Amino acid sequence: MWLPLAGLVVGVLVGQALTIPIPTQYAGYLGVAVLAALDSVLGGLRTMLNNKFDSTVMVSGFFVNSLLAAGLTYIGDRMGIDLHYVAIFVFGVRLFDNLAVIRRTLMDTVFAPNHDKSA
């Protein structure tokens, strides 16, 4: 259950330790890639808490979401439109939605297992 979070922590620590310069023109691509990764991690954690986790769905979702977001960013760059904002908005909404479901699930199962919902 904690494997996605452990992977996120290890990834952040490795990212902080390595100093790889990234050109400014790729900032939009990096932003949507980070959001796609966070969306996949939180989505995986959400499905784990609901006992519906499927690693194939999580990994394929990560790559499809990343490619779509990068594609939107690329097309927007070619057209002179900031289409990466679309991916940022969508991933932002999904992140908050996943986080809300995770919070509610944890509150129902871990923090208040004897909570009476009928009251």
Side-chain angles (χ1 to χ4, degrees):
M1 178 168 137
W2 299 105
L3 188 60
L5 289 177
L8 178 64
V9 170
V10 169
V12 167
L13 292 175
V14 168
Q16 291 293 323
L18 298 177
T19 55
I20 300 171
I22 298 173
T24 329
Q25 66 262 28
Y26 298 127
Y29 296 102
L30 182 62
V32 296
V34 168
L35 286 175
L38 285 173
D39 177 55
S40 293
V41 169
L42 287 179
L45 184 59
R46 175 184 180 175
T47 57
M48 280 180 152
L49 289 172
N50 293 327
N51 295 322
K52 297 179 182 177
F53 181 75
D54 184 358
S55 61
T56 305
V57 171
M58 182 180 168
V59 171
S60 65
F62 171 77
F63 286 111
V64 169
N65 288 343
S66 297
L67 289 173
L68 178 62
L72 280 175
T73 303
Y74 177 77
I75 291 169
D77 285 347
R78 296 293 152 232
M79 293 172 50
I81 302 170
D82 291 330
L83 282 180
H84 68 274
Y85 288 127
V86 173
I88 291 170
F89 176 76
V90 170
F91 283 129
V93 169
R94 287 175 48 126
L95 285 170
F96 283 110
D97 181 51
N98 282 333
L99 195 57
V101 171
I102 290 168
R103 179 186 51 83
R104 285 191 303 265
T105 303
L106 286 175
M107 287 176 65
D108 288 344
T109 58
V110 176
F111 299 118
N114 296 327
H115 179 68
D116 184 18
K117 293 182 182 182
S118 63

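Given the structure is predicted, the values throughout are model-derived calculations rather than measurements.
- Residues Met48 and Met58 are members of one and the same hydrophobic cluster, defined by side-chain heavy-atom contacts under 4.5 angstrom among Ile, Leu, Val, Met, Phe, Trp and Tyr.
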Discussion item. Between Asp39 and Leu35, does the side-chain contact (heavy atoms from CB on, under 4.5 Å) criterion hold? Intermediate values first, please.
Written reply: CA-CA 6 Å; Asp39 177 55; Leu35 286 175; over 6 Å; no

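- Judged as a side chain to side chain donor-acceptor pair (under 3.5 Å), and not counting sequence neighbours, Asp82 has no contacts.
- When hydrophobic clusters are built by joining Ile, Leu, Val, Met, Phe, Trp and Tyr residues whose side-chain heavy atoms come closer than 4.5 Å, directly or via intermediates, Leu106 is grouped together with Leu95.
- Hydrophobic clustering of Ile, Leu, Val, Met, Phe, Trp and Tyr side chains at less than 4.5 Å, counting indirect connections, keeps Ile20 apart from Tyr26.
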Discussion item. Applying side-chain contact (heavy atoms from CB on, under 4.5 Å) to Thr47 and Asp54, what does each step give before you reach the verdict?
Written reply: CA-CA 8 Å; Thr47 57; Asp54 184 358; over 6 Å; no

Extract all donor-acceptor atom pairs below 3.5 Å that involve side chains of residues 64-76 and protein atoms in other chains or at least two apart in sequence.
{"unit_1": "Asn65", "atom_1": "ND2", "unit_2": "Gly61", "atom_2": "O", "d": "3.2"}
{"unit_1": "Ser66", "atom_1": "OG", "unit_2": "Phe62", "atom_2": "O", "d": "2.8"}
{"unit_1": "Thr73", "atom_1": "OG1", "unit_2": "Ala69", "atom_2": "O", "d": "2.9"}
{"unit_1": "Tyr74", "atom_1": "OH", "unit_2": "Arg78", "atom_2": "NE", "d": "3.3"}

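- A distance of 12.0 Å separates CG of Asn51 from CZ of Phe53, quoted to the nearest 0.5 Å.
- Cluster membership check: Val90 does not share its hydrophobic cluster with Val34, using side-chain heavy-atom separations under 4.5 Å among Ile, Leu, Val, Met, Phe, Trp and Tyr.
- Cluster membership for Val12 and Leu45, using ILVMFWY side-chain heavy atoms within less than 4.5 angstrom, is shared.
- Considering only residues two or more places apart in sequence or on other chains, Arg46 meets the side chain to side chain donor-acceptor pair (under 3.5 Å) condition with Asp97, Asn98.
- Heavy atoms from other residues, nucleotides or ligands lying under 6.0 Å from CD of Gln25 number more than 12.
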Fill in: Steps toward side-chain contact (heavy atoms from CB on, under 4.5 Å) verdict (Tyr85, Ile88)
CA-CA 5 Å; Tyr85 288 127; Ile88 291 170; 4.2 Å; yes

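- To the nearest 0.5 Å, atom NE2 of residue His84 and atom CG of residue Leu30 are 11.5 Å apart.
- Between Leu49 and Thr109 the shortest side-chain heavy-atom distance does not fall below 4.5 Å.
- When all heavy atoms of Tyr29 and Asp77 are compared, the pair lying nearest together is OH-OD2, 3.0 Å.
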